[in-house]
Amino acid sequence: MPELPEVETCRLGIEPWLSGHTIIRVEVHNARLRWPVDKEILLLKKKQVLSVQRRAKYLLLELNEGWIIIHLGMSGCLRVMLYPQFPNKHDHIDLILNNGFMIRYTDPRRFGAWLWSDNIQKSSLLDHIGPEPLSDNFNNRWLYEKLRNKRTPIKTLLTDNKIVAGIGNIYASESLFIAGILPGRAASSLSEKDAETLVQSIKKVLLRSIHKGGTTLRNFLQSNGNPGNFIHELHVYGRKNKKCRLCGTLIQIVKHKQRSTFFCPKCQH
DNA sequence: ACACACTCCTGAATGC
DNA sequence: TGCATTCAGGAGTGTG
């Protein structure tokens, strides 16, 4: 499932092929994604790409006269390919470039989105999102202030984009393991010191995963077609009944808000 | 404001 | 073997 490190991996992969180049046209094979692909994208002709940015789990392509907002959903990925290539069943969108390449969007579950925005600052998709976890705006003070009045399990809070952007199920479990904090603890039970440890753990896990090209569970691929390598460094996610890499205790699974949470009952308190 | 459940989707895994 | 059921979850929307 693409979370911040996977989306950032994607951004890093496509940026050199897009930035400063021109999208000649867009070939849409299936416009039925989470929402219908915006018509501005369908009709797009010969637009230069000024920059390729990321906010939370959204990719933002800055064009001359507006922005393409891309979300990879659960199973989306973008790959750089030579043009032309016959589209397979789950290849929904191709950005045809003026450099002989294309960027191909593949998404079996079609939970992703391709939307247009004239003004990214006013986009209702982005305007409520909290601080980027790798920025200085995400710090001990911010997190502790958000935690201290909430009885929700800390794990649930970490996947709330208003608290911190871009963290999903994988990195919530992994960050809490690194921090040594049990995921089911009420957020308000964390001390200032806990919040500080958690902030540092989140930054460390996300940076390490970006360095390894993200986590590939099923569908995610880097833009060069290779899977991400962080899966080999997961401590708890997807490791139910496997031995903890640090202490050998069996990893346990619980549900928070109908989502799986993995933890080590000995390493986390 | 808050904290939930519901919903979209497909493919892999599981059950009988 | 084959068909039906369950599970995976990002995040907007709806409910109490």
Side-chain angles (χ1 to χ4, degrees), chain A residues 1-11 29-38 54-60 69-78 87-93 105-115 117 122-133 145-176 183-189 206 209 214-221 227-228 231 234 236-242 251 253-262:
Chain A
M1 337 304 156
E3 300 180 28
L4 187 150
E6 289 74 39
V7 179
E8 181 64 14
T9 294
C10 186
R11 191 192 71 77
H29 312 297
N30 186 353
R32 291 171 303 144
L33 301 181
R34 179 172 186 183
W35 301 286
V37 175
D38 271 337
R54 179 189 57 73
R55 175 78 172 105
K57 297 170 192 163
Y58 293 94
L59 278 168
L60 310 173
I69 303 177
I70 301 170
H71 197 293
L72 301 179
M74 297 288 303
S75 57
C77 67
L78 291 167
N88 290 310
K89 185 179 176 187
H90 301 304
D91 300 332
H92 307 311
I93 301 176
Y105 177 68
T106 306
D107 184 2
R109 280 181 241 187
R110 291 193 284 115
F111 268 31
W114 281 62
L115 300 172
S117 173
K122 290 186 179 168
S123 165
S124 59
L125 283 175
L126 306 178
D127 61 8
H128 61 282
I129 296 175
E132 282 292 321
E145 195 54 38
K146 292 292 169 188
L147 295 182
R148 52 195 294 255
N149 299 321
K150 301 215 167 54
R151 301 150 78 115
T152 310
I154 180 62
K155 188 269 183 165
T156 300
L157 218 72
L158 291 185
T159 60
D160 182 344
N161 273 321
K162 294 190 288 302
I163 307 292
V164 54
I167 296 178
N169 230 27
I170 298 172
Y171 297 99
S173 282
E174 291 299 313
S175 300
L176 285 163
R185 276 180 59 186
S188 56
S189 78
L206 295 179
S209 181
T215 301
T216 294
L217 293 175
R218 235 170 244 141
N219 300 293
F220 176 75
L221 295 174
I231 188 169
L234 295 177
V236 288
Y237 186 87
R239 302 193 70 245
K240 178 188 176 187
N241 287 335
K242 296 201 167 126
I251 299 301
I253 182 171
V254 290
K255 293 259 180 185
H256 293 113
K257 288 182 69 179
Q258 305 178 319
R259 301 290 189 247
S260 301
T261 304
F262 300 86

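Fair warning: this is a prediction, and the values are worked out from it, not measured in the lab. Order of the sequence lines fixes the chain letters, A, B, ..., with proteins taken first and strands second; residue numbering starts at 1 for each chain.
Here B/dC9 presents its C1' atom at 15 Å from NE2 of A/His71, a figure rounded to the nearest Å. Across the protein-nucleic acid pair, A/Asp160 atom CG and C/dG9 atom P stand 17 Å apart, rounded to whole Å. One interatomic measurement links the two molecules: CG of A/Asn161 to C1' of C/dT13, which rounds to 15 Å at whole-angstrom precision. Here C/dG10 presents its C1' atom at 16 Å from CZ of A/Arg110, a figure rounded to the nearest Å. Distance, A/Leu72 CG to C/dA11 P: 10 Å, rounded to whole Å. In this structure, A/Ile167 places its CD1 atom 16 Å from P of C/dG9, rounding to the nearest Å. As rounded to whole Å, 16 Å separates atom C1' of B/dC2 from atom CG of A/Leu147. For the pair A/Met74 CE and B/dG11 P, the computed distance is 14 Å after rounding to whole Å.
Side chains of A/Leu78 and A/Leu59 form a contact here, defined as non-hydrogen atoms less than 4.5 Å apart. Side-chain atoms of A/Asp107 and A/His90, non-hydrogen and from C-beta on, never get closer than 4.5 Å to each other.
Here A/His71 pairs with A/Tyr58 under the ring pair (Phe, Tyr, Trp, His ring centres under 6.0 Å) rule; sequence neighbours left out. Every residue meeting the side chain to side chain donor-acceptor pair (under 3.5 Å) condition with A/Arg185, not counting sequence neighbours, appears here in chain and number order: A/Ser189, A/Asp194.
Within the 4.0 angstrom heavy-atom criterion, only backbone atoms of the sugar-phosphate kind lie near A/His128; the bases stay farther away. Across all strands shown, A/Thr156 has no heavy atoms under 4.0 Å from either base or sugar-phosphate atoms. In this structure, A/Lys89 reaches the sugar-phosphate backbone alone: every heavy-atom distance under 4.0 Å involves primed, P, OP1 or OP2 atoms, never a base.
Listed pair A/Ser75 / B/dT10 fails the phosphate criterion, with no side-chain N or O lying under 4.0 Å from OP1 or OP2. For the OP1/OP2 pair of C/dA11 and a distance below 4.0 Å, the side-chain nitrogens and oxygens of A/Lys57 include at least one atom meeting the criterion.
Side chains of A/Tyr171 and A/Thr215: a donor-acceptor N/O pair is present below 3.5 angstrom, by distance only.
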I would like to know whether A/Lys146 and A/Val164 meet side chain to side chain contact (heavy atoms under 4.5 Å, CB included); could you show each step before the answer? CA-CA 10 Å; A/Lys146 292 292 169 188; A/Val164 54; over 6 Å; no
Evaluate the side chain to side chain donor-acceptor pair (under 3.5 Å) criterion for residues A/Asn169 and A/Lys155: first the C-alpha distance (whole Å), next the side-chain angles of each, then the deciding distance (0.1 Å), finally the verdict. CA-CA 9 Å; A/Asn169 230 27; A/Lys155 188 269 183 165; 2.5 Å; yes
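Consecutive Watson-Crick or G-U pairs involving DNA chain B, each under 3.5 Å on both distances, make up stems of three or more pairs at B:2-16 with C:2-16.
Closest to the A/Gln258 side chain, of the nucleotides B/dA5, C/dG9, B/dC4, is B/dA5. Among the nucleotides B/dT10, B/dC4, C/dG10, the one closest to any side-chain atom of A/His90 is B/dT10. Proximity note for A/Phe111 (side chain, C-beta onward) versus B/dG11, C/dG10, C/dG12: the nearest is C/dG10.
Judged by distance alone with a 3.5 Å cut-off, a donor-acceptor contact links the side chain of A/Arg109 to the base of C/dA8. One can find a donor-acceptor pair under 3.5 Å joining the base of C/dG10 and the side-chain atoms of A/Arg259.
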